[in-house]
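To start, the structure itself, in C-alpha cells.
We count residues from 1, following the sequence as given. From a predicted model like this one, the values you see are computed outputs, not experimental measurements.
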Amino acid sequence: MPTAAAPTPVAAAPAAPTAPTAPPPPATVTDGIETVRGQRLTLHFEAARCIHSRHCVLSTPEVFLANVKGDWIYPDAVPIDEVTAVAHACPSGAITYERHDDEPGEQVPRVNALRLRENGPLAITADLRVAGRPAAIRATLCRCGASQHKPYCDGSHNAAEFRATGEPATGDTTPLAARGGPLSVEAMENGPLLVTGNLEICAGTGRTITRVTSARLCRCGGSSTKPLCDGTHAKNGFRAPAVG
C-alpha cells in the first residue's frame, strides 16, 4: 500500500516584538515635547501633533513600543536609517530627530505637497511655517472644524463623523514656475487657512488636483468646494482664533 505523505509543516508565526532588554535613555518633556537622546540620534515626540497614523509602531516596533506603560521610545534599537525613515513617514510631524554624526538631517522636499486624507485632515510636506511657529517639514491640519488643537488635527474628525472625499475633481494643473520654497500657513479668525507659496494639492492616491501659489483652504468643514474655502464659515457659525 502507498505510504501516506507526511503533512507539510506549518511555519510558526513570528514572535511579537518585545521590549529591549537594555533600558532606554531617560526621557525629558519640555513644552509638551518628549525627548529621548540615544547614542546615534535624539528623537523628539510631540503628542499634541500625533494623529495616530501608526507608521512608527508598525514599521519599527522595537523603537516605538505600542500600548506600554512607562518608557516606550528606544532610539538605538534598530539601525539609524530605519529610525529616520519612520520620522520622514510621520505625516503630522509629531516625530522629529537630530543626528549625532556628520550626516545631514531631514531635507526639505523639492516639491511642496498637500495630500487630502479621506474624511480627515490636510497633510502637508514643505519648507513650512505654520501659524508663526518655527520652520517644519510636515504637518496635518484640521479641516473638519472640530479639533481642540487648531490649526492642527487632533483626530476629532473621527468622533465628529466628518465626511470629505480625498478624491475631488481635478482643477487647474498648470505647472508652476517653481515647485518648492517656503510655504506659509496662517489661520484666519473664524475663517479659512491662508496658504502662501508654491503648493501642489494632491488627492489621497497622489493625483494632482490643482497647483497654486496662494489659496484659502476650508477649515470649518462646511465648504462645498473642499479643500478650498467657499465662504461657508460665515454662515455656519464657525469660530476659531486667528493664528499666524
Side-chain angles (χ1 to χ4, degrees), residues 40-46 49-51 53-56 58-60 78-118 120-143 151-153 165-187 192-219 226-228 244:
R40 298 162 300 173
L41 84 171
T42 295
L43 281 172
H44 305 284
F45 175 72
E46 187 173 356
R49 296 272 296 275
C50 180
I51 63 168
S53 60
R54 304 188 73 236
H55 288 298
C56 56
L58 294 177
S59 299
T60 53
V78 302
I80 187 171
D81 289 343
E82 293 185 34
V83 185
T84 58
V86 167
H88 299 168
C90 175
S92 67
I95 298 172
T96 56
Y97 66 89
E98 300 165 18
R99 297 183 69 124
H100 300 164
D101 54 23
D102 294 329
E103 296 298 320
E106 185 173 6
Q107 303 296 296
V108 297
R110 295 183 180 90
V111 178
N112 295 338
L114 182 155
R115 295 174 175 84
L116 300 176
R117 297 176 72 95
E118 185 82 10
L122 308 168
I124 299 181
T125 53
D127 181 6
L128 189 60
R129 281 80 172 163
V130 177
R133 289 190 56 165
I137 293 177
R138 291 163 283 115
T140 45
L141 305 179
C142 174
R143 67 168 176 153
Y152 299 101
C153 170
T165 182
E167 298 289 331
T170 300
D172 182 2
T173 58
T174 303
L176 301 176
R179 304 179 74 187
L183 185 75
S184 171
V185 180
E186 299 179 12
L193 296 169
L194 176 61
V195 176
T196 307
N198 304 311
L199 183 63
E200 189 157 327
I201 300 178
C202 302
T205 54
R207 172 176 53 86
T208 298
I209 297 169
T210 188
R211 297 183 176 100
V212 299
T213 55
S214 66
R216 296 185 178 214
L217 304 175
C218 175
R219 68 171 181 144
K226 299 182 189 70
L228 303 178

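Taking a 6.0 Å sphere around CZ of Arg138, one finds it holds more than 12 heavy atoms contributed by other residues, nucleotides or ligands. Around atom CZ of Arg54, no more than 12 heavy atoms belonging to other residues, nucleotides or ligands sit under 6.0 Å away.
Every side chain to side chain contact (heavy atoms under 4.5 Å, CB included) that Cys50 has, sequence neighbours left out, goes to Phe45, His52, Ala94. With sequence neighbours excluded, the residues forming a salt bridge (Lys or Arg N to Asp or Glu O under 4.0 Å) with Asp101 are Arg99, listed by chain and number.
For the pair Val185/Arg129, no side-chain contact is recorded, criterion being any heavy-atom separation below 4.5 Å from C-beta on. Contact of the Leu193 side chain with the Leu122 side chain is registered, since non-hydrogen atoms from C-beta on lie closer than 4.5 Å.
Ala169 approaches Ile209 most closely through the heavy-atom pair O-CG2, 3.5 Å. Nearest heavy-atom pair across Pro168 and Gly166 is CD-C, 3.4 Å. A pairwise comparison of heavy atoms in Leu176 and Leu199 identifies CD1-N, 3.9 Å as the closest pair. The shortest non-hydrogen separation linking Pro91 to Thr140 is O-CG2, 3.6 Å.
With hydrogens and angles left out, the side-chain atoms of Thr208 and Glu200 include a donor and acceptor closer than 3.5 Å.
Exactly one of Pro109, Ser184, Pro182 qualifies for a side chain to side chain contact (heavy atoms under 4.5 Å, CB included) with Asp127. That residue is Pro182. Just one residue in the list Thr60, Leu41, Ile95 forms a side chain to side chain contact (heavy atoms under 4.5 Å, CB included) with Val83, and that residue is Leu41.
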